[in-house]
**Student:** 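Below you will find the structure I want to go over with you.
Note that these values count all heavy atoms, side chains included, but never hydrogens, waters or copies made by symmetry.
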Amino acid sequence: MTDASPKVTLALVVLVALLIGANFTALKFALNHTTPLLLAGMRTVVGGTFLLGFVTLVRGERIPTDRTMLGKIFVVSFAITTVSSGLLVFGVNRVPAGLASLLSSTMPLFTALLVLLLLGTRPTRVGALGLVVGFGGTVVLASPSLGGEATAIGIIALALSALAWSFGTVFMQWRDFSAVSPVMIVAVQLPMSAAVLIPLALLVEGAGDTDWSLGLFVPLAYAAIPANAVTFALMATIVKRATATQAAATAYLIPISGVFFGWLIRGERLGAVELIGGVLVVTGVYLLVTANARAKMAAAASA
């Protein structure tokens, strides 16, 4: 099935990159009408409701009841859709959408670093070069923006968001999740995150600054369903039918898509330094993920 329809597979990869890339711009619009934590929480409520309905009613899967599995899913939920998602929206509130997408794209770099530190798996030489180039680009990308306190806090939040997402990803490699489909894992973890984010948002931010209008609901619906629930379902399809290299392509197409939509919809423009840093980050991610993909294919061929 991997080679059955490469054009369809490539189209799915590009579609996922476009959907997620536009998410940063959608979040910027939604943040004009509400606060960061509450937006992150509402996103998990809407996306989780949609995805749970899809996975149970359309795919016919059963929600897991095993406590051990639910505990493992909660760890992933806390790392990815609670901490990472909350920090992501908080960071997007303080930096341009294009810059946020570039900083978020460092996730594969942090993942490779955590895999090395926690699992002892060394990257290939090309992968190691990608790490150096990518993190060097991150430093360049962040350097001109650290003069303003608000922007600096946003950059730090986005970096920590990428780190938290990476930890959740590595944890899924470390523990056995084979009894539950990837789509079901996300469908369960989103309500878990909502149960944490919504009370926290109401306690810390309240709802007084939220404008319950279409200006909020339209970008929220996009950020929650196409850019969240739908993309996870599509990624599960891509993993099944794509080669490792094709699946990895989303990692470096997303930041390009994010910068494009930030420019197209909000008129954002990157300065020369941010552009150089962004190119280095995307190049580093490209080197890393393609090296990992080739290593996996080589290991599969020799098995």
**Student:** Quick one: does any side-chain atom of S84 pair with a main-chain N or O of S161 as donor and acceptor, under 3.5 Å?
**Tutor:** yes
**Student:** Cation over ring, K72 on F171, under 6.0 Å and within 45°?
**Tutor:** no
**Student:** Heavy atoms, side chains only, cut-off 4.5 Å: are F50 and N228 in contact?
**Tutor:**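 With C-beta onward as the side chain, the pair stays apart.
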**Student:** For the backbone of L38 and the side chain of E205, can you confirm whether one donor and one acceptor N or O come within less than 3.5 Å of each other?
**Tutor:**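 The answer is yes, because a donor-acceptor pair under 3.5 Å joins these two groups.
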**Student:** Please tell me whether T56 and E61 have a donor and an acceptor in their side chains that are separated by less than 3.5 angstrom.
**Tutor:** no
**Student:** Is there a path from V204 to V45 through hydrophobic residues (I, L, V, M, F, W, Y) whose side chains come within less than 4.5 Å of each other?
**Tutor:**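 Different clusters: V204 never reaches V45 through Ile, Leu, Val, Met, Phe, Trp or Tyr contacts under 4.5 Å.
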**Student:** Within the side chain of R43, is there an N or O that forms a donor-acceptor pair under 3.5 Å with the backbone of A223?
**Tutor:** yes
**Student:** Under a 3.5 Å distance rule, please check whether Y222 uses its side chain to pair with a backbone N or O of A22 as donor and acceptor.
**Tutor:** no
**Student:** Using modelled atom types only, decide if a donor and an acceptor are shared between the side chain of S166 and the backbone of M107 within a distance under 3.5 Å.
**Tutor:**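 Confirmed, S166 side chain pairs with M107 backbone.
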**Student:** Check whether the ring centres of F135 and F110 lie less than 6.0 Å apart, and answer yes or no.
**Tutor:**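 Yes; F110 has its ring centre under 6.0 Å from that of F135.
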**Student:** Can any side-chain N or O of S101 pair as donor or acceptor with the backbone N or O of G98 at less than 3.5 Å?
**Tutor:**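 Yes, S101 side chain to G98 backbone: donor-acceptor pair under 3.5 Å.
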**Student:** Taking everything shown except F261 itself, do over 12 heavy atoms lie less than 6.0 Å from its CZ?
**Tutor:** yes
**Student:** Is any side-chain heavy atom of V75 closer than 4.5 Å to one of F167?
**Tutor:**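 They are in contact (side-chain heavy atoms under 4.5 Å apart), so the answer is yes.
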**Student:** Short question: side chain of S257, backbone of A17 - any donor-acceptor pair under 3.5 Å?
**Tutor:** yes
**Student:** Will you find, in the side chains of S193 and S77, an N or O donor that is under 3.5 Å from an N or O acceptor?
**Tutor:**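 On atom types as modelled, these side chains qualify, holding a pair under 3.5 Å.
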**Student:** Find out whether E268 and W263 are in side-chain contact, i.e. whether some heavy atom of one side chain is under 4.5 Å from a heavy atom of the other.
**Tutor:**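 No - every pair of side-chain heavy atoms lies 4.5 Å or more apart.
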